[in-house]
Amino acid sequence: MTARLPLTGPLDLAATLDSGQAFRWRPQVPTSSGQGGGWWRGVLGSNAVRLRVPTRRDGERLYLEVESSPEPEDDLLPHLVRYLDLERDIDGVHHALAMHPYLQRAIASFSGLRILRQEPWECTVSFLLSPQSNIPRIRRNVEALAQAAGEPIETRDSPVYGFPSPEALADLGEARLRQLGLGFRAKAVAAVASKVATGELDLAALQSLPFSESEAALQALPGVGPKVAHCILAFSLDKGEGFPVDRWVRRGVLREFFQGRKTNDKVITAWARETFGPLSGYAQQLIFHWERSQALEERPLPGSRAFQGRTGPARAQSVERSSSKTRSITRLMMEMAWP
DNA sequence: AGCCAGGAGAATG
DNA sequence: CATTCTCATGGC
């Protein structure tokens, strides 16, 4: 099954799918002849899918291919539209945030950066894995969970697994979760899985609560502090006030908005909510991506795939200098690799 | 090799 | 209440 969806605004799949919101998307490696490039493979519900946004003059379109069988339910498209939040007026959001010169710079590089609306359970587990970890490792951990306890999904080539149900993860237990490489995070994953499996906790119900109540309910869970709670709020519960503060965001905010004075994260979070309101999550993503890309530019890590260019304006900027137009990283990379 | 990681939670001062 | 230590392991 394939589909084409019209886009009303920019969509940068690389920035949106591959830098820390979700952890199961992989770029499809193009063949030596350049075929298959630009696709992103992932799992949506019980479907193995791939996505692509080719460059077009008459406006961009999103291409979807379902690589698994049986055929998907006919509500897959609505689910995809919701997952990528395609009906969001991202240009409008960015226009509002561009009143801050610092954010304006980030917007110029990441105009198609979206905030996903993930399934709350998968998002919660993903960020339970995040404390004192790093994105490559979180990816590995999530994938290990899927292989150990997820439902197999039929495809033509390598087997794919759905994200495990709460019951499946609860049944694994802390010890087995540790064996999968989660480290001390296994305890929290096991505990929260058990709460959801027994019905004691209804994550989806938190979406209909006011922001602060939803935030408090999440932080009452084992392994969920301010950072993890705000990731869940922003990336799966559609709470625009969510503003996860990690070291990148902290660095950017203190330098650009606090004159370099250091303050604690509680102050930063409150400031963000006052300053950006329901657009806090978008501001946070722009800051996060911009700060990481800047760090990458300073220390390019020769040979790293990041340097060879999917995300990060380090490489893109050098191209943009010779091209007067500002384009999204995704489109830029496509033009470079597949003219 | 050795430092550090999209933190949380308990232990201190 | 603010700061410090511990947790488990792997990426670079």
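Note on naming: letters A, B, ... go to the chains in the order of the sequence lines (proteins, then strands), and numbering restarts at 1 for each one.
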With the criterion set at under 5.5 Å between ring centres and under 30 degrees between planes, would B:dG6 be stacked on A:Trp248?
no
Please report the distance, rounded to the nearest Å, between CZ in A:Phe243 and C1' in B:dG6.
13 Å
Students often get this wrong, so: under 4.0 angstrom with heavy atoms, is A:Gly223 touching a base, only sugar-phosphate, or nothing?
sugar-phosphate
At less than 4.0 Å, is any side-chain N or O atom of A:Arg178 found next to OP1 or OP2 of C:dA8? Yes or no.
yes
Looking only at atom P, what distance separates B:dA11 and C:dA8, rounded to whole Å?
15 Å
Regarding the side chain of A:Arg137, the nearest nucleotide among B:dG7, C:dT9, B:dA5 is C:dT9
Separation of atom NZ in A:Lys227 from atom C1' in B:dA8, rounded to whole Å
12 Å
Using the C1' atom as the reference point in each nucleotide, state the distance between B:dG6 and C:dA2 in Å, no decimals.
23 Å
Rounding to an integer number of Å, can you tell me how far A:Gln179 CD sits from C:dG10 P?
13 Å
Between B:dA5 (P) and A:Arg185 (CZ): distance, integer Å:
13 Å
Using a strict 4.0 Å threshold on nitrogen-to-oxygen distance, state whether A:Asp246 and A:Lys227 make a salt bridge.
no
Mind checking A:Gln285 for me? I need base, sugar-phosphate or nothing, with any heavy atom below 4.0 Å counting as a touch.
base
Using whole Å, report how far CZ of A:Arg292 lies from P of B:dA5.
12 Å
In terms of relative ring orientation, are A:Trp25 and A:Tyr83 parallel, tilted or perpendicular, with 30° and 60° separating the classes?
tilted
Can a side chain N or O of A:Arg247 be found less than 4.0 Å away from OP1 or OP2 on B:dA5?
yes
Please identify which of these residues, A:Val249, A:Ile287, A:Ile135, meets the side-chain contact (heavy atoms from CB on, under 4.5 Å) condition with A:Arg292.
A:Ile135
Distance in angstrom units between A:Ile135 CD1 and B:dA5 P, rounded:
13 Å
Validation row, ring centre A:Phe127 to ring centre A:Phe23 under 6.0 Å
yes
At 4.0 Å (heavy atoms only), tell me whether A:Val245 reaches a base, stays on the sugar-phosphate, or touches nothing.
nothing
Nearest-nucleotide comparison on DNA chain C, the residue closer to the 5′ end among A:Gln132 and A:Pro136
A:Gln132
Separation of A:Leu218 atom CG from B:dG7 atom C1', in whole Å?
15 Å
Test item: A:Ser130 and A:Val228 side chains (from C-beta on) under 4.5 Å apart, heavy atoms:
yes
With respect to the phosphate group of C:dG11, does any side-chain polar atom (N or O) of A:Arg140 fall under 4.0 Å of OP1 or OP2?
yes
Interatomic distance where CG belongs to A:Asp265 and P belongs to C:dT3 [whole Å]:
11 Å
Heavy-atom nearest nucleotide on DNA chain B for A:Val224 versus A:Phe23: which residue maps closer to 5'?
A:Phe23
Sugar-phosphate, base or nothing in reach of A:Leu221, heavy atoms under 4.0 Å:
sugar-phosphate
Students often mix this up, so state it plainly: with edges at 30° and 60°, are the rings of A:Trp271 and A:Phe257 parallel, tilted or perpendicular?
tilted
